[in-house]
There are 2 protein chains.
Amino acid sequence: MKKFINAPDDVVREALAGVAAAHADLRVDVSNQIVVRTDAPVAGKVGLVSGGGSGHEPLHGGFVGAGMLDAAAPGEIFTSPVPDQILAATKAVDGGAGVVHIVKNYTGDVLNFQMAAELALDDGVRVETVLVDDDVAVENSTWTAGRRGTGATLIVEKVAGAAAAEGQALEAVAGVGRRINESSASFAVALTACTTPAAGKPGFDLPDDEMEVGVGIHGEPGRRREKLLSAKEIVRIAYDAIQSAKPLQPADRVIVIVNGLGATPLIELYLLFGEVAAVLKDAGVEIVRNLVGNYVTSLDMAGMSVTVCRADDEILRLWDAPVRTPALRWGT
Amino acid sequence: MKKFINAPDDVVREALAGVAAAHADLRVDVSNQIVVRTDAPVAGKVGLVSGGGSGHEPLHGGFVGAGMLDAAAPGEIFTSPVPDQILAATKAVDGGAGVVHIVKNYTGDVLNFQMAAELALDDGVRVETVLVDDDVAVENSTWTAGRRGTGATLIVEKVAGAAAAEGQALEAVAGVGRRINESSASFAVALTACTTPAAGKPGFDLPDDEMEVGVGIHGEPGRRREKLLSAKEIVRIAYDAIQSAKPLQPADRVIVIVNGLGATPLIELYLLFGEVAAVLKDAGVEIVRNLVGNYVTSLDMAGMSVTVCRADDEILRLWDAPVRTPALRWGT
């Protein structure tokens with residue numbers, strides 16, 4: 001294992017210490033693993049909390065800040081945060097208008113966020129939950145009942161974050177988050193496995209000439225292995241999977257994210273985005289916003305995901321609203 | 001070789017097609033490999049052009065936009081752009097106030113930018129050149145006479161770009177760029193070699209338990225190989241190298257970039273930043289601005305660089321000025 005770390009057990013806390021040193025806008029409780037906006041709670045504003053296993057950076061800590069999340073609760077690597085941790089984050093951002101939990105659909109995350117929501121309610125904090133399950137590669141997986149939550153999570157966080165920032169009520173903020181999830185589809189392909197610090201070796205073996213199609217963000221299996229194809233062919237596989245699960249129509253307007261899984265260089269991501277743009281143009285679908293880069297990663301996995309989100313004027317207005325976080329920033 | 005590409009010879013142009021599809025603010029001449037702000041030339045403003053071999057993305061194309069570069073001329077992978085290409089970029093951004101070339105110190109880049117500057121002068125465009133040679137790892141290398149240009153390039157581009165945007169004259173813009181270079185030092189460590197599409201295999205062999213200390217951004221050798229150390233020890237090596245080449249003093253204020261070389265996950269970069277922050281705190285040096293992420297890369301190399309730039313009020317004012325590019329954006 002080749003990593004810039006000190007000891008496997010210390011990776012998450014030491015990385016959080018780095019986040020704390022880098023970002024004066026964030027209050028980082030390193031020992032309890034909670035990242036909160038320094039100005040939280042904002043009185044009268046719906047709070048937004050997300051979290052999940054670490055190893056997907058910048059998700060979620062990198063999306064904490066004005067116009068997006070109020071707090072993140074990162075677990076150990078590929079391990080759900082515990083209920084008390086989520087509860088502490090929830091109470092830290094409750095400004096009296098309730099809190100939205102944005103939860104990727106993994107069994108551990110779902111259970112622990114649910115327990116935290118119940119504990120919060122006992123303390124008088126109303127919680128609405130937005131479950132994200134945008135990954136159309138598999139219907140169920142080793143880590144989930146139902147589809148997995150992946151790249152669309154950041155769109156949910158951005159758009160719901162903007163809705164909360166402009167003063168929308170709890171149900172409305174959760175509602176627009178759910179609408180993003182329903183309107184989104186993602187599909188990922190891996191060229192290599194990732195290595196967790198604890199395991200010290202790749203999570204699966206993949207021959208030099210093969211790729212994992214429909215892979216998840218924890219190295220969990222996808223649909224199938226097959227021989228490595230060209231970028232154009234890989235994008236076609238992803239597009240076909242998205243089209244059969246959540247069909248796009250001509251004249252649809254979409255937000256597209258071409259996302260690196262951690263070890264894929266930006267030059268390849270832009271090449272892939274060019275292929276995605278060509279396929280969608282042929283389909284009559286208009287890309288109205290896009291991101292190309294590493295946003296929802298899987299440690300050091302070489303791989304990419306494509307996320308497509310159908311967007312109307314309201315969603316685009318909220319997408320374009322100012323945001324100021326470590327990993328996403330505009331308008332401020 | 002596992003990459004998301006179609007054919008090795010088409011990588012740069014196809015990636016540029018993706019850049020064109022992603023960024024409406026940029027005018028991309030895919031066949032001539034030039035990336036220009038759509039609103040260039042800006043009358044009366046000093047133009048800024050940089051370039052160099054591709055494979056270092058987002059450098060340089062990702063830094064084209066308001067407040068930073070006016071144009072970039074990306075060569076083939078790890079290959080200098082040709083003089084005609086640089087000349088075309090120079091003329092495209094000349095608003096009558098002259099053009100600054102920001103050139104990383106590699107022999108091919110230096111020669112080709114020099115030739116382009118002479119050709120531009122023949123066409124009546126004054127050019128000042130800022131040579132960047134911040135990498136303190138080696139005094140000379142297989143690719144250079146003198147020190148190599150690496151991570152400080154983006155600080156030069158940001159600060160000189162802000163000076164140009166506020167209407168400073170040619171000599172002043174070049175002057176502040178040179179001042180950044182003189183005030184900056186970088187040092188890099190690689191855990192793996194990178195693989196160019198043309199070569200199809202890693203540029204060097206590095207045993208599973210070794211790292212390349214003082215590596216360059218083309219996989220060129222560094223100072224030495226040694227056994228893999230902890231993040232804390234690696235940061236200490238980088239700090240000692242910087243201190244012996246360009247000593248920092250207590251009470252110095254610095255901009256710090258902890259930069260990934262392409263395949264290193266963000267969680268490791270933040271962990272490294274925490275170590276850098278601890279070392280500088282012990283030295284009485286204050287980190288006043290920072291970036292943590294992939295900014296000056298070396299394709300799919302697992303590795304990191306640390307750049308430290310001593311900054312005064314004027315430099316910080318220019319650093320904080322609005323910038324709107326694909327890879328760096330704030331205040332707009």
Side-chain angles (χ1 to χ4, degrees), chain A residues 2-7 11-12 14-22 54-55 57-58 62 77 189 191-192 194 208-209 211 228 230-232 234 258 262-278 287 290 292-294 297 299-300 302 304 324 326-327 329-332, chain B residues 2-7 11-12 14-22 54-55 57-58 62 77 189 191-192 194 208-209 211 228 230-232 234 258 262-278 287 290 292-294 297 299-300 302 304 324 326-327 329-332:
Chain A
K2 289 183 139 179
K3 292 184 185 296
F4 293 111
I5 63 174
N6 295 307
V11 170
V12 172
E14 291 182 349
L16 286 172
V19 171
S54 292
E57 291 68 24
I77 287 175
V189 174
L191 305 186
T192 69
C194 59
D208 277 351
D209 61 345
M211 59 184 179
L228 186 59
S230 70
K232 190 182 296 291
I234 289 168
V258 170
T264 292
L266 194 57
I267 193 169
E268 294 178 38
L269 298 179
Y270 270 111
L271 190 153
L272 288 162
F273 183 80
E275 299 293 348
V276 171
I287 302 177
N290 69 80
V292 181
N294 294 305
T297 63
L299 291 171
D300 56 351
M304 69 91 183
R324 185 188 179 112
R329 182 171 175 179
W330 54 71
T332 162
Chain B
K2 289 184 139 179
K3 291 183 184 295
F4 292 111
I5 63 173
N6 294 308
V11 170
V12 172
E14 291 183 348
L16 286 172
V19 171
S54 292
E57 291 69 24
I77 287 174
V189 174
L191 304 185
T192 70
C194 59
D208 276 351
D209 61 345
M211 59 183 179
L228 186 59
S230 70
K232 190 182 294 291
I234 289 169
V258 170
T264 293
L266 194 57
I267 192 169
E268 294 178 37
L269 298 179
Y270 271 110
L271 190 154
L272 288 162
F273 183 80
E275 298 292 349
V276 171
I287 302 177
N290 69 80
V292 181
N294 293 304
T297 62
L299 290 171
D300 55 351
M304 71 92 183
R324 184 189 180 110
R329 182 170 175 179
W330 54 71
T332 161

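Side-chain atoms are counted along with the backbone in the values below, which use heavy atoms only and exclude waters and symmetry mates. Per chain, numbering begins at 1; letters A, B, ... match sequence-line order. If you're wondering where the values come from, they're calculated on a predicted model, not measured in any experiment.
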Contact leader toward chain A among [options], where contacts are heavy-atom pairs under 4.5 Å:
options: Ser54(B), Pro326(B), Ala263(B); value: Ala263(B)
options: Met304(B), Glu275(B), Glu57(B); value: Glu57(B)
options: Ala278(B), Ala20(B), Gly262(B), Ala277(B); value: Gly262(B)

Winner by heavy-atom pair count (cut-off under 4.5 Å) against chain B, out of [options]:
options: Thr192(A), Asp208(A), Val12(A), Val189(A); value: Asp208(A)
options: Arg324(A), Met211(A), Lys232(A), Arg329(A); value: Arg329(A)
options: Gly274(A), Gly331(A), Ala327(A), Ala231(A); value: Ala231(A)

Rounded to the nearest 0.5 Å, how far apart are [atom1] of [X] and [atom2] of [Y]?
X: Asn294(B); Y: Leu266(A); atom1: CG; atom2: CG; value: 8.0 Å
X: Leu299(B); Y: Glu268(A); atom1: CG; atom2: CD; value: 8.0 Å
X: Glu14(B); Y: Leu272(A); atom1: CD; atom2: CG; value: 10.0 Å
X: Trp330(B); Y: Thr332(A); atom1: CH2; atom2: OG1; value: 12.0 Å

- Hey, does Leu271(B) have a side-chain heavy atom less than 4.5 Å from the side chain of Phe4(A)?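 Contact flag for Phe4(A)/Leu271(B) side chains = no.
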- Task: Please state whether the side chain, the backbone, both or neither of Val292(A) comes within less than 4.5 Å of a heavy atom of chain B.
- Result: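 Side chain only.
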- Query: Under the 3.5 angstrom rule, does the side chain of Asn6(A) hit a backbone N or O of Ser230(B) as a donor-acceptor pair?
  - Reply: no
- Message: Restricting to ring-ring contact (aromatic ring centres under 6.0 Å, His included), what partner residues turn up for Phe273(B), sequence neighbours left out?
- Response: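 Expected list: none.
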Side chain from CB out, backbone as N, CA, C, O: work out which of these in [X] comes under 4.5 Å of a heavy atom of chain A, or both, or neither.
X: Val11(B); value: both
X: Ala22(B); value: both
X: Val276(B); value: neither
X: Leu191(B); value: both

- Testing Ile77(B), Asp300(B), Thr297(B) for side-chain contact (heavy atoms from CB on, under 4.5 Å) with Ile267(A), which one passes? Ile77(B)
